[in-house]
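Some notes on the structure that comes next.
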Amino acid sequence: KTLSRMAFSITTSLKEPYSTRGEVAKQSWYQGISRFQAFTFDAVPESDWRQHVPEIMDENHGRAFGSNLALIPEMLRLWPNSSWYVQSDDDTMLFPAMLAARLSRLPDGAEHMPMLLGKCVA
């Protein structure tokens with residue numbers, strides 16, 4: 001039930017090693033997820049499975065800053081009725097069913113609260 005209300009995205013690139021990592025995510029944990037999109041800041045051919053989004057530039061530093069924030073409006077546009085939006089990088093391994101199980105145990109209304117979950121394993 002919770003999994004069907006979740007939308008997932010990854011940030012990736014056409015450059016290596018990111019392209020290969022994005023392909024691995026596409027062929028592994030993303031399989032069977034109906035609300036999934038890979039985003040890139042690179043220009044992509046129309047037939048590519050990744051979607052281009054423009055970077056948010058930091059005017060003070062002249063470089064991309066908080067670029068993952070650029071994905072949030074796209075996810076909201078693609079899946080306006082999702083309860084949960086999960087955004088990660090192409091080097092992150094996700095277990096959507098386990099995440100859905102954890103989210104389903106949260107109190108009612110939790111989907112309206114910002115939340116940051118994760119664990120970095122090096």
**OP:** Tell me yes or no: between the side chains of Arg50 and Thr12, is some donor less than 3.5 Å from an acceptor?
**Re:** no
**OP:** Assess whether atom OH of Tyr18 is packed by more than 12 heavy atoms of other residues, nucleotides or ligands within 6.0 Å.
**Re:** no
**OP:** Examine distances only and state if a side-chain atom of Ser104 and a backbone atom of Ala101 form a donor-acceptor pair shorter than 3.5 Å.
**Re:** yes
Original post:
With no hydrogens and no angle check, is any side-chain donor or acceptor of Gln31 less than 3.5 Å from a backbone partner on Lys26?
Top reply: yes
Subject >> Hphob cluster co-occupancy, Leu76 + Val53, side-chain heavy atoms under 4.5 angstrom >> reply: yes
**OP:** Say whether, by atom type as modelled, one donor and one acceptor occur between the side chain of Ser19 and the main chain of Lys15 under 3.5 angstrom.
**Re:** no
Original post:
Checking Asp89 side chain against Asp91 main chain: does a donor-acceptor pair fall under 3.5 Å?
Top reply: no
**OP:** List in chain and number order the residues that pass salt bridge (charged side-chain N to carboxylate O under 4.0 Å, His left out) with Glu111, two or more places apart in sequence or in another chain; answer none if no residue qualifies.
**Re:** none
Subject >> Counterpart residues, ring-ring contact (aromatic ring centres under 6.0 Å, His included), relative to Phe36 (two or more places apart) >> reply: Trp29, Tyr30
Original post:
Is the side chain of Asp42 donor-acceptor paired with the backbone N or O of Leu14 at a distance under 3.5 Å, no angle test?
Top reply: yes
Original post:
Between Thr20 and Glu16, is any side-chain donor less than 3.5 angstrom from a side-chain acceptor?
Top reply: yes
Original post:
Is the count of non-hydrogen atoms from other residues, nucleotides or ligands lying under 6.0 Å from Met98 atom CE greater than 12?
Top reply: no
